[in-house]
2 protein chains.
Amino acid sequence: MSDPTAGLNTEQLGAYFALMEVSSLLQYAVEEHLRADGDLSWVQFQILARLVDAPEGRLRMTDLADGVVYSRSGLTYQAGLLDKRGLITRSPSPDDERSVMVTVTDAGRELVARVLPGHVAQVRGLLFEAMSDEDLAALGGVLARVRAHMRATPPRSAKPRAGRNRAG
Amino acid sequence: MSDPTAGLNTEQLGAYFALMEVSSLLQYAVEEHLRADGDLSWVQFQILARLVDAPEGRLRMTDLADGVVYSRSGLTYQAGLLDKRGLITRSPSPDDERSVMVTVTDAGRELVARVLPGHVAQVRGLLFEAMSDEDLAALGGVLARVRAHMRATPPRSAKPRAGRNRAG
DNA sequence: CCTTACTGCTTCGAATTCGCGGCGCCCGAG
DNA sequence: CTCGGGCGCCGCGAATTCGAAGCAGTAAGG
């Protein structure tokens, strides 16, 4: 593509900024809608959506954290909030006593089902309205490739996956 | 593409999630690098970069807020931090006495110049390494279209542009 | 069984973020 | 000139975020 020593060309720079701006704008709009519609933050919705999507409606904290780009403590905090609202339940795992299984409650499922249409409409209105099918295909392909590359790239210093550097 | 009443198909959903994950991951990595390299947060870097890019190295707070997806108070806070570090200067506008002109100092320019290479390298390594020229072109085109669409879309309730809803 | 290393999660303190309300300044009407 | 309405920015309090440190459970070695 270009030498590792060279800078980004105009096209790359533009794509980079556009990517960041689009995602920020989208997240902001979606988060606002989510807040108004079901009093959920973006992360909370992601957690619930992931749980609903899971086979048994339950996932370990770690798996949740792997899917959601978030710190462990933040996840604990948000899970506590969701637990307090009765949208999820936390129970020790039968296999690993140190793990915590998070399960969606019926209320959680209902809430997701209630906010999902608006959420989806928001996303389509902002993101997909301006895209053709070809655009979608291209975007999907590129993003899949980039995501795979990012996940394969070694955490230079500390990804969200951080926290393993104790001395004694 | 699809009816306004229908949900997102698998491809759209995947693209949506991939977009959010990629941008989050990228922002996270870049922010970390930026912090280590010049003790700057992502927003601070964006502010400085925008100022350096501006015609006279100066911009009004409002214009800054328009470019950066951020709340007004957050911008004030960050501007205060940058001002305290001597990277920018804030002075009243000659035209509009209520506006505040933000100007980059030489130190600010130097800092941007110093962290820019690493920043760029990080972006290329994570984002563009896995992309062909065709990918880049496609991505750039789609994002430009989407960005234009988003900017044209009426702020349904309150975009970053929020804060104008007082009664008295 | 006991020790050592590692993993999973939570708690803690500090820093950052946002929305709301306040203050001062510009514009138009009388 | 004076008044009323609107805009631009700042200060405050509450909520959220993160990394570091701590606690418990698990696996491996002797």
>> It should be established whether Tyr77(B) places a side-chain nitrogen or oxygen under 4.0 Å from OP1 or OP2 of nucleotide dC9(D).
In response: no
>> Is the phosphate of dT16(D) approached by Gln44(A) (side-chain N or O, under 4.0 Å from OP1 or OP2)?
In response: no
Minimum-distance nucleotide to [X] side chain [options: [options]]:
X        : options                   : value
Arg60(A) : dT17(D), dT17(C), dG8(C)  : dG8(C)
Tyr28(B) : dG19(D), dC9(C), dC10(D)  : dG19(D)
Tyr70(A) : dC10(D), dT10(C), dT17(D) : dT17(D)
Leu81(B) : dT16(C), dT10(C), dG19(C) : dT16(C)
Thr62(A) : dC9(C), dC18(C), dG19(D)  : dC9(C)
Thr76(B) : dG11(D), dT17(D), dC10(D) : dC10(D)

>> Please report the interatomic distance CE(Met20(A)) to CG(Leu143(B)), rounded to the nearest 0.5 Å.
In response: 11.5 Å
Whole angstrom value for the distance that separates [atom2] of [N] from [atom1] of [X]:
X        : N       : atom1 : atom2 : result
Ile88(B) : dC9(D)  : CD1   : P     : 13 Å
Glu31(B) : dT16(C) : CD    : C1'   : 11 Å
Gln78(B) : dC9(D)  : CD    : P     : 16 Å
Leu75(B) : dG8(D)  : CG    : P     : 14 Å
Asp63(B) : dC9(D)  : CG    : C1'   : 14 Å
Ile47(A) : dT16(D) : CD1   : P     : 12 Å
Arg35(A) : dA14(D) : CZ    : C1'   : 13 Å
Arg72(B) : dG22(C) : CZ    : C1'   : 17 Å

> Do NZ/NE/NH1/NH2 and the carboxylate oxygens of Arg50(B) and Asp53(B) come within less than 4.0 Å?
Replying inline: no
>> What I want to find out is whether Glu129(B) reaches Arg124(B) closely enough, with some N-O distance under 4.0 Å, to be called a salt bridge.
In response: no
> Between Ser41(A) and Ala79(B), which is nearer to the 5' end of DNA chain D once each is assigned its nearest nucleotide?
Replying inline: Ala79(B)
> Are the side chain of Asp66(B) and the backbone N or O of Asp63(B) linked by a donor-acceptor pair below 3.5 Å?
Replying inline: no
>> Whether the side chain of Asp96(A) engages the backbone of Ser99(A) through a donor-acceptor N/O pair (distance < 3.5 Å, no angle test) should be reported.
In response: no
> Does the side chain of His33(A) come under 3.5 Å of the side chain of Tyr28(A) through a donor N or O and an acceptor N or O?
Replying inline: no
> What does Arg90(B) touch in the nucleic acid at a heavy-atom separation under 4.0 angstrom: a base, only the sugar-phosphate, or nothing?
Replying inline: sugar-phosphate
> In residues 94-105 of chain A, what residues come within less than 4.0 Å of DNA chain D, judged by heavy atoms?
Replying inline: Asp95(A), Glu97(A), Arg98(A)
> So Leu51(B) and Thr103(B), side chain to side chain contact (heavy atoms under 4.5 Å, CB included) or not? Walk me through it.
Replying inline: CA-CA 7 Å; Leu51(B) 286 175; Thr103(B) 312; over 6 Å; no
> Once the angle between the rings of Trp42(B) and His119(B) is folded into 0 to 90°, is it parallel (under 30°), tilted (30 to 60°) or perpendicular (over 60°)?
Replying inline: parallel
